[in-house]
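Remarks on the structure that follows.
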Amino acid sequence: MLHIKCPYCGLRNETEFSCGGEAHIARPISNNNLSNKEWSEYLFSRHNPKGIFLERWVHTSGCRKWFNIVRNTVTNEIYEVYKMGTIPKSQEGRITYKNSWRRLTKAEQSSIGKNNVKK
Amino acid sequence: MKITGKNKKQKYSLFSIIKNSINNHENWNKAWRTPTPKKNYDVIIVGGGGHGLASAYYLASIHGIKNIAVIEKGWIGGGNTGRNTTIIRSNYLWDESAAIYEHSLKLWEKLTQELNFNIMFSQRGVLTIAHSEHELKEMSRRVHAIRLNGIDSDILSPQEIKKFVPTINVNQGIRYPIMGGFLQKRGGTARHDAVAWGYARAADSYGVDIIQNCEVKNILCNKDKVLGIDTTQGQMYTSKLGIVVAGHSSVLADKVGIRLPVQSRPLQALVSEPIKPILDTVIMSNAVHMYISQSDKGEMVLGAGVDKYNSYAQKGSFPVTQHMIASAIELFPILSKLRMLRHWGGIVDTCPDASPIISKTDIQGLYFNCGWGTGGFKATPGSGHVFAELIAKDRPNNISKPFSLDRFENGLLIDEHGAAGVAH
């Protein structure tokens, strides 16, 4: 079982949380300029790495707040827990964020999130 | 016997058992060779599980392509083919799914004879139970849809269920009482290792090279055309590359910049110590998340839903197993003193619409067969059959066409969460 440190409530068992999948997917704002393929990337294509993964979790049976974690999908080691609207600070997290193919998609580049993330 | 390829196999039969018993069974041939990889192949299949081996077998036997390699990272049947709970059925809601799973079930019915390998296919019936009024109504809607597609399916009342499965608890006072269920009599189980071994032996008899302990490090391609693969046993060249690697599909797709709508999740199962026969069918429940059957060895085989997070660790979280066992004991109080023998996990590739991907890609000669999620085993023959045709003819047939990758762009999703959400 994973032990996850909720940034608001502290260390709890995995059973209190729900996983929301890949983090840092921003909704495109220039909707009309996107092709079906680019929409499909936003809606369905998901980063599914064997290794470091940035993902969203929500403390369903606790404070019900969302947050992000940096986790290794092979060892299940959690490197960092960080709040929504920020980007990871650990080395593993920063490299994964920067190298994700999603940063290069048109959907992502036309999104509001690009300028909104607090460094 | 159908197996008449260039590496003709000795036929498995009562006669051959008697003949070999005279020599203390020391003269049986190897079921398949351990070939040295060649430099060039007409087709390379990556992934030596059931689907990959079936694809190679049908490519050789139906489409006449003989220069084929199957590349397997570990050993034959050591991945999800040997980790599933062996359930076979075809009672899916939508026409597209019904077509492919029923195609598969029809192939299962003849597979032991075709492969000359006893896959222990047992049509013991698959009974899905409902625990609420709403679920029962939704179930009858599904049953009618399934019957319209010509697939057998019958609604049973709690009394009929009790008669069919005497060990089950139909007491209305339990947390999730049984309100009814539906039965596919032609469904059942098969010995999963035997499926992999049978296909491997049959494919090998047509000259297919099965290369084990060989991991693909990279996919070689120029701009939009596949050239081959780089593996731990050297480079191999081909113009047609089929990738059938289940949970690792995203890892290989990533090497050529293809983004799949697939998430890899752990799926857990367990078996109990062997006991006398108490259950001669397969029981599944979507509402309480578990399915159970009894193997020929007497072990109770239990499975549940996928874990909620992505993982490649081949193990899941304990609460999922705990939930599954609690559900099993409530439905079968007789199991409460039973001890667990083994417990394991496999990595399944789940799709947003719970339907598989059998598709060409933007790279010429690169094909993907993945996204089977929690229910790929039952589709093994059908999946291999249509994937072989896709590779051989470079165009999908009517069965595989709806499962193309472009459904995520044109919106023609095949939403099978109702039929495939939990129980496989």
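Residue numbers begin at 1 in each chain, while the letters A, B, ... track the order of the sequences. Basis for what follows: all heavy atoms, side chains included, without hydrogens, waters or symmetry-related copies.
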Can the ring centres of Y97(A) and H24(A) be said to be less than 6.0 Å apart?
yes
Validate the cation-pi geometry between R27(A) and Y42(A): distance from NZ or CZ to the six-membered ring centre under 6.0 Å, angle to the ring axis within 45°.
no
Ignoring hydrogens and angles, tell me if any N or O in the side chain of Y291(B) forms a donor-acceptor pair with the backbone of A304(B) under 3.5 Å.
yes
Bottom line for V262(B): the part with an atom under 4.5 Å from chain A's heavy atoms is both
Side chain, backbone, both or neither: which part of R71(A) has a heavy atom under 4.5 Å from chain B?
side chain
I need the residue from S249(B), C351(B), A313(B) with the largest number of non-hydrogen atom pairs under 4.5 Å to chain A.
A313(B)
Check whether K360(B) reaches the backbone of D394(B) with its side chain - one donor and one acceptor, N or O, closer than 3.5 Å.
yes
So, the part of L413(B) with a heavy atom under 4.5 Å from chain A: the answer is side chain
Between P319(B), A253(B), G411(B), which has the largest tally of heavy atom pairs under 4.5 Å with chain A?
P319(B)
Chain A: which of S264(B), G257(B), P352(B) shares the most heavy-atom pairs with it under 4.5 Å?
S264(B)
Strictly below 4.0 Å, N to O, side chains only: are E22(A) and R102(A) in salt-bridge contact?
yes
